[in-house]
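The structure displayed is predicted, hence computed values, not measured ones. In what follows, chains are A, B, ... by sequence order, proteins preceding strands, each numbered from 1.
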Amino acid sequence: MRVCISDDTAARSVGADAVAHAFADLADVEVVRTGSRGLLWLEPLVEVETPEGRIAYGPVRPSDVEDLLRAGALHGGAHALRIGDIAAHPWFAAQDRLTFARVGIVDPRSLDDFVAHGGFDGLRRALTLAPSAIVEEVVASGLRGRGGAGFPAGIKWRTVAATESDRRYVVCNADEGDSGTFADRMLIEGDPFTLIEGMVIAGLAVGAEHGIVYLRSEYPAAIERLEAAIATAHLNGWLGDDIAGSGHAFDLEVRVGAGAYVCGEETAMLESIEGRRGMVRAKPPIPAMRGLYGRPTVVNNVLTLASVPAILRDGGSAYAARGVERSRGTQVFQLGGNIARGGVLELPFGVTVRQLVEDFGGGTRSGRPIGAVQVGGPLGSYLGPDELDVATDYEALLAAGGMLGHGGIVVFDDTVDLLAQARFAMEFCAIESCGKCTPCRIGSTRGVETIDRIIAGEREDANRELLDDLLVTMTDGSLCALGGLTPLPVRSALRLAATGR
Amino acid sequence: MTYEPWDEGVATAMLEPFTSDATLVLVALQALQARFGFVPEAAVPLVAHTCNVSRADVHGVLSFYHELRTQPPATREVRVCRAEACQAVGARDIERAFADAGHPVGSRTSALAVDAVYCLGNCALGPTVEIDGAVHGRCDTDIVREALR
């Protein structure tokens, strides 16, 4: 008898460990700790394996466990907390899970479980292909960088492969610092072998034998899980000098961040890996030509690399068949903030922000009307309640004055103080600026002061004009996206505040 | 979390694998902090000498990263998430409650340190507060009592 209970950090934050202990103490069952299904408002979620599938109960408190057992929950018995077959739950069944196919289902510590659920199928096929054929498969998929910039991954790989060098690197950006995003964390905690598989494929494609995952220190469970998975993969010949007997070599190392948001910017991250302050580098040269230690380097986000195994398994065209316009495949959306049903869901591009927030998310957790929705992390725009019909498509969001970023969507109810949010965006930039370029370093501090004067009603027109000028300077003159995109939330929050929403 | 008391001899021995590798300055500082709980001023010349960089280089790295500490940690370390997703569900109220209890964000005594953190990746179940490394979700102001216990 197996009972699956998530040990994802989010589930643990609301008591999943205590629930797991209660089951282990009170019933003769094997408690398997999986990742989370991503229906986070139902955590701690308990899934009982029955002939009819995994029957779920949630949210379960430790004090509910005795009552659940009395109700025959181990055989799927009726109870107020019974949700039913979790795979058939509308929120879950409506998704198109490729990247997140195994998260919440498998035991993330078990290589056997991973392989039994289709793990390494993509890598096995990649091993039969020439490197250039792997690259072209990724080009054909239309996969774009999921970290926020949306650059076509296959084109980047092509550049790395074509650049003469004695060695090349694959670097995975797992410095998921954007507020409202947690998909990288959930993937690494819930299915770390998929990331390893994606990185090995990237290595084969571009001729790199060394990979580094730069993982933020705020995610200790993910660090532990990934390091264990790397060790297991080594032991079983999926990393090392001779991958699956192919003669190809690839090794993987985890580097831990130290609490600097700007290290999510690719060149600052490379500086940090090289042991220095996380100061942004001027581009060009682009990292694909001169990246880590001056060598050609693939720098991709966790979700980008974790999408690669499914692309290689099913072919690029199967992936490209999903989505809209130039946004192909699936996006892993993260619903957070003041939302009734928050969590992670993977859908083809094109679904609107309103569908995500209202149909899936169920509106606000407080029950009040939506006041604003910030899409794309701390550098993304605030959308008003009547601006939510925009499609989640890189270009459509850009045209609407926003950006998709890493797919994080944060909901605020109508009590939101948008002037305070504008000020916060500027303050965050001031705190996290690496200090290399003047518009970001000084502009953010002057921006906070100017917004304070506007809030205080001090020479408001003149200060608004001054702020507008400053935002143009930051947009045009900053070295990276931190200073360059901070004007997005500032300007959109000020605009929404001014229209009284 | 328990740490060893600072010991220059132990530190020198553990830095051995980092010899003459400038790219390992950050890793060396992180290793020292993991062992001793902080990076004392005395460690700066040690790391500089080991990794073959200047003391200014080491100081530059040490002062850049928010998580590297030059003072011993408090008995209890609390981090309150201050990012947007938690703001949307009352993070500012929690911050205020810590301030009302005499421990505003940024304050530090030997018993309790309260810091801000910008996202712990628990954005659907905020507000989020971390106490001694354990993440607590869906917090209300009662978490202050828990933190002070």
Heavy-atom contact with chain B under 4.5 Å, split by part of [X]:
X	result
Thr415(A)	neither
Ile273(A)	backbone
Gln374(A)	side chain
Pro378(A)	both
Asp184(A)	neither
Cys263(A)	side chain
Val344(A)	neither
Arg341(A)	neither

Measuring from atom CZ of Arg277(A) to atom OG of Ser63(B), what distance do you get when rounded to the nearest 0.5 angstrom?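 That separation rounds to 5.0 Å.
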Is [X] in contact with chain A via its backbone, its side chain, both, or neither, using a 4.5 Å heavy-atom distance?
X	answer
Glu84(B)	both
Val61(B)	both
Val58(B)	neither

Pairwise side-chain contact, [X] with [Y], heavy-atom cut-off 4.5 Å (strictly under):
X	Y	answer
Ser13(A)	Arg138(B)	no
Ile431(A)	His66(B)	yes
Arg365(A)	Val89(B)	yes
Phe182(A)	Leu125(B)	no
Arg276(A)	Val25(B)	no
Glu218(A)	Glu67(B)	yes
Leu120(B)	Tyr219(A)	no

For the ring pair Tyr261(A) and Tyr118(B), is the centre-to-centre distance below 6.0 Å?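 Centroid distance Tyr261(A)-Tyr118(B): not below 6.0 Å, so no.
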Whether the side chain of Tyr65(B) engages the backbone of Gly278(A) through a donor-acceptor N/O pair (distance < 3.5 Å, no angle test) should be reported.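 Looks like yes, one N/O pair under 3.5 Å.
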Smallest separation among heavy atoms of Ala88(B) and Gly337(A), with atom names: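 For Ala88(B) versus Gly337(A), the nearest heavy atoms are CB-CA, 4.1 Å.
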Contact leader toward chain A among Arg82(B), Gln87(B), His136(B), Glu130(B), where contacts are heavy-atom pairs under 4.5 Å: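 Top option by heavy-atom pairs under 4.5 Å: Gln87(B).
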